[in-house]
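Below is one structure, written out as C-alpha cells; comments come after it.
Throughout, protein chains are lettered first and strands after them, A, B, ... in sequence-line order, and every chain is numbered starting at 1. These numbers were taken from a predicted model, which means no experiment stands behind them.
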Amino acid sequence: MKSSSLAGAIGASSRERERASASASVSSIKFRMPTKEKEKESLIPIHLDLDLDAHRYKDAFTWNPHDPDSLVLSFAKRTVKDLELPPTFVSHISQSIQHQLAEFRSFGGQDMFIHEKIVPLKLDLRVNNTVVRDTFLWDISNFESDPEEFAVTLCNDLDVADPEVAPAIAVAIREQLYEIATQSVSAVKEAKLGKKGRRGYELSKGGNNALDVSRYFGSKGSGVIRKRKDWYMNGPTVDVLTNEEVGTLEELNSRFRRKLDEKEDSFLQG
Amino acid sequence: MADPSPQPPPPASTQSPLQPLQQLAALTELETPSVAPSVSKPDTPGPTATATPELISAPSPAVSYTVIVPSFSAWFSWDEIHDTERRLLPEFFDGKSTFRNPSSYKYLRNAIISKFRSQPTSKLSYTEARRGLVGDVGSVRKVFDFLEEWGLINYTPPKKGKEETEARGALGKKDDSSGKRICTSCGAGCSLQCFTTAKANMTLCAKCFVKSNYQRPGLSSADFKRVDLLEEPRPDWTDKETLHLLEAILHYGEDWKKVTEYVASRPVKDCIARFVKLPFGEQFIGPKEEHNGYTEQGGDDTDENESIKRRRLSPLADASNPIMAQVAFLSAIVGPHVAETAAQAAVSALSNLGANEATDLTTETNEEHEKLYSTPCCSVDGCGSDLSNCRDYHRRHKVCEAHSKASIVLVGGQEQRFCQQCSRFHLLSEFDGVKRSCRNRLDLLNFRRRRPQSETVNTSLSSASHQDSAVNEPVLSAELEIEEEERELEKSFSDIIEFQMKEMQEKLVSFEEMDAIMARERLQVQYLRDLILPDQLAIAQHQHRLAMMVRENVSTWEKLRSTNDVIDRGTTLLL
C-alpha cells in the first residue's frame with residue numbers, strides 16, 4: 001500500500017525533471033484545475049456549512065461549473081426537500097454555491113504558473129464512522145490525474161465499507177488542488193504588481209509547498225525509497241469508530257471550534 | 001424527432017404487461033420467484049388497503065421481494081447500455097467531456113439502482129443517492145432523474161389506475177393513523193410514541209431512542225422528532241353496558257376481573273372508571289337527602305347539626321378500610337359541598353390520568369382540607385371555640401390549644417386524645433399512660449432511634465410533665481446532643497471538602513484561561529512574524545546590496561586615493 005501511494009502520485013522521471021527545472025523553466029497556462037479534464041471544463045469542490053435556527057447543514061461535493069445556473073436553484077430546493085430543512089435554507093444554499101462558482105470563474109482566463117512540482121496532499125477526514133488519514137505526493141503538472149479514480153481505488157484497496165467515504169476523499173483532494181491552483185495565480189499577480197523583478201519572483205515562488213525531491217528521499221542508494229523514519233507518516237490509516245467515540249469527537253470538536261472562534265474574534269479586535 | 005417520450009406510469013388497462021424483473025447481477029440477494037405467483041400478487045382483486053401492505057411491509061429486504069419494473073423499462077440490464085439511454089443522455093456518450101463517459105454513466109446508474117433496491121420499501125432521495133457516489137452532482141442529478149422517470153427506482157406499481165393515487169394516499173394516512181409503526185432498530189411495534197428522523201428515514205421506539213441506539217452515527221438526539229400516537233378514543237358507554245356493569249358489580253362485588261368479563265367490551269380500567277363516575281344510586285339516597293338540607297349552611301353549622309351528622313357517619317368512620325375511614329372523616333369535617341366538589345374533581349382527574357386513583361383522591365381531598373381555613377372551629381364535642389386566634393397548626397387540625405393538650409376529650413361521642421405526632425384524634429386506647437402520642441407512632445419513633453421501647457421524648461411540645469421518664473431525660477438529652485454534634489462535625493467536614501474542591505476547580509479554570517491566552521499570544525506573534533518576514537528579507541537584501549556598494553565605493557575610493565598619492569608624488573618629484 002505504501003508503494004502504491006508512492007508510485008501512484010509521482011509522474012515518471014520526476015527526478016530528472018527536477019534537475020532540469022533548476023533553470024526555472026515555467027509554463028504559463030490559463031487557469032484550470034490540474035486534473036483530468038478537457039480544456040474548458042473543471043470540476044470544482046463546493047463546500048457548504050450553514051447554521052440557521054437550529055439546523056446545521058454541512059456538505060461538500062463536486063460541481064461542474066459549466067452546468068446551467070438554473071441547476072443551482074433546483075439543487076438547493078431538492079436538497080432542502082430531501083433533508084426536510086426549513087425553507088430559508090434554499091436561498092442560503094444557492095447563494096453560497098453561486099458565490100463559490102463566481103469565485104472560481106473570476107480566476108478563469110488568468111495565467112497560472114504550473115511549475116513541475118510535487119506537492120504533499122493530506123487527508124484527514126471523518127465520514128460517519130470512518131476516519132481516514134493519509135499523506136501522499138501529488139504531481140501538480142500531471143493534468144491526467146483523476147482524484148475520483150484515486151478515491152475509488154483507495155477505498156477499494158482498504159476495504160472501506162461506507163460508500164460515502166470515497167466522494168469525501170475526492171472532494172478533499174480537489175479542494176487542496178484548487179487551493180494550490182489559486183495560490184499560483186495569486187503568486188503571478190504579486191509578481192506583476194510588486195515589480196520586484198526576477199529575484200522577487202523567485203522569492204515569492206519559494207514560499208510554496210514545493211519539495212526538493214532529491215533531498216526528500218534517501219540520498220544514498222536508491223533514490224526512490226523514502227527514509228525509514230518517514231514511513232509511518234505516509235501510509236493511509238483508516239479507523240472505524242464506534243458511535244460513542246463519534247459522539248465524543250463531535251462534542252470536543254464543537255467545543256474547540258467555539259473556543260477558537262471566540263479567541264479569533266477577540267484577537268482580531270485586539 | 002422520433003424519440004418516444006417516456007410515458008407516464010401505465011394506466012389500468014396495461015395491467016397484464018407488468019412483469020417482474022429477472023435479476024441478472026449476482027450481487028443482489030433478491031430471490032427470483034417464478035412468473036405465475038408473482039403476477040398474481042399484484043393482480044389479486046382484494047381491496048387496495050390489504051394489497052399494498054402486502055408488498056410494502058415485506059420483512060427484510062434481503063429476503064424475497066419482487067421488483068416491479070414498468071413495461072416501458074423492460075430493456076434495462078445491468079451489464080449493457082441500451083439505446084434509450086444513449087438517446088436520452090447524450091452528454092455521457094458523445095465524448096465531449098472526460099468525466100462524463102459511458103463507464104462513469106454505468107457506474108452511477110448501477111450504484112443508484114442497487115442502492116434503491118437494498119431498501120425497496122423506502123423512496124430513495126436524490127441527496128441520499130449523491131452522497132454515496134463519486135462524481136459531480138450534476139451528472140448524478142441527470143442519471144437520477146432519468147432513472148426515476150423511467151420507473152427504475154422509486155417505483156411503486158399501481159393497482160387499478162385511478163385508485164393508484166388514492167391507494168398511496170390512503171396508505172400514507174393509514175400508516176399514521178393505524179398507530180402501528182415498527183421501530184427500525186429493534187423491530188418492536190411502537191404504540192405510544194415514536195421518534196422519527198428524516199435524515200436517515202428511521203423510526204425508533206421510545207426505548208431505542210432513550211438507549212441512543214441510532215444506526216447511523218451521524219445522528220444526534222436533536223435530529224429526532226417525537227410523534228405521539230394517539231390512542232383510539234373510547235366510545236361512550238351505552239346504557240346496556242352500564243346495566244351490565246351494575247349487574248356484574250352486584251353479583252361479583254369488587255372482583256373487577258369477573259366484572260370485566262361480564263361486561264365483555266371494556267378493559268378493567270374503563271369499568272372501574274365508569275363505575276366511579278356513576279352517580280350515587282339508591283344506596284346512598286337516604287343520608288344524602290339529609291345532607292342537602294345542610295348544604296347552604298356549609299361549615300357554619302351549629303355544633304348540634306355537626307354532631308348529628310357525625311354520628312350518622314360514624315359507622316363509616318369505623319369501617320375496616322382505613323382509607324375509607326379517613327376519607328369519611330375528612331369529608332365530614334369539610335362539609336358536604338366541598339366534599340362533593342372534591343369528589344368530582346378527583347373523578348375527573350382519574351379519568352384523565354387513568355392511574356394512581358388513590359393518590360389523586362387523597363391529594364384532592366387534602367387540598368380541600370387545606371381550604372378549611374375558612375371554618376376554624378375546634379372539633380371537640382361541645383367546644384366550638386373560634387380558632388382564628390390560634391396558631392396555624394391548631395387551625396389546620398381543628399383543635400383548640402387547650403384540647404390539643406388535654407388528656408381526654410370527647411370527639412364524636414368517644415373518648416379520644418389528640419396525638420401530637422399524627423396531628424389527629426385517636427381513641428384513648430391508643431395511648432399509653434399520659435403520653436401525648438399514640439402507640440404506633442411511638443413505636444416507629446423508637447425503632448428509628450434504635451432505643452428500647454416505652455420511653456420516648458416528646459419532641460414537638462417539650463414539657464416537664466413526664467414523670468416516668470424524668471430519670472432518663474438528661475441521659476437522653478445528652479445523647480441527643482452528642483448526635484447533633486456528630487452531625488455538625490460531618491457537615492463541617494463536607495463543607496471543608498467542598499470548598500477545597502471549588503478552590504481546585506477555580507485553579508484549573510484559571511490555568512485553562514492562561515493557556516488560552518498564551519496560545520492566542522503565540523498566534524499573534526506568529527502572525528506578526530509572518531507579516532514582517534518579507535520586509536525583513538527585502539531589508540536584508542538591500543543591506544547586502546548596500547554593503548556591496550559600500551565596498552565598491554571604498555575600493556574605488558582607495559584606488560582614487562592611491563592614484564592621488566601617485567600623482568602627488570609625481571608632481572613633487574617633478575617640482
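- Residue Lys81(A): no heavy atom, backbone or side chain, is found under 4.5 Å from chain B.
- Nearest heavy-atom pair across Thr127(B) and Asp82(A) is OG1-OD2, 2.9 Å.
- Side-chain contact check for Ser74(A) versus Arg141(B): some heavy-atom pair is nearer than 4.5 Å.
- Closest non-hydrogen pair, Lys263(A) versus Arg520(B), comes out as O-CD, 4.0 Å.
- For Ala166(A), the parts lying under 4.5 angstrom from a heavy atom of chain B are both the backbone and the side chain.
- Residues that satisfy the side chain to side chain donor-acceptor pair (under 3.5 Å) test with Glu262(A), not counting sequence neighbours, are absent from this structure.
- Of the two parts of Asp162(A), neither the backbone nor the side chain holds a non-hydrogen atom closer than 4.5 Å to a non-hydrogen atom of chain B.
- Contact tally against chain A (heavy-atom pairs below 4.5 Å) for Val140(B), Leu133(B), Leu523(B), Ile517(B): the top residue is Leu133(B).
- In this structure, Ser125(B) OG and Glu84(A) CD are separated by 10.0 Å, a value rounded to the nearest 0.5 Å.
- In summary, Glu148(B) and Arg78(A) engage in a salt bridge, as defined by a charged side-chain N under 4.0 Å from a carboxylate O.
- Note on Asp59(A) versus Arg130(B): salt bridge recorded, some NZ/NE/NH1/NH2 to OD/OE distance being below 4.0 Å.
- Enclosure of atom CD in Glu179(A) is not indicated, since only 12 or fewer non-hydrogen atoms of other residues, nucleotides or ligands lie within 6.0 angstrom.
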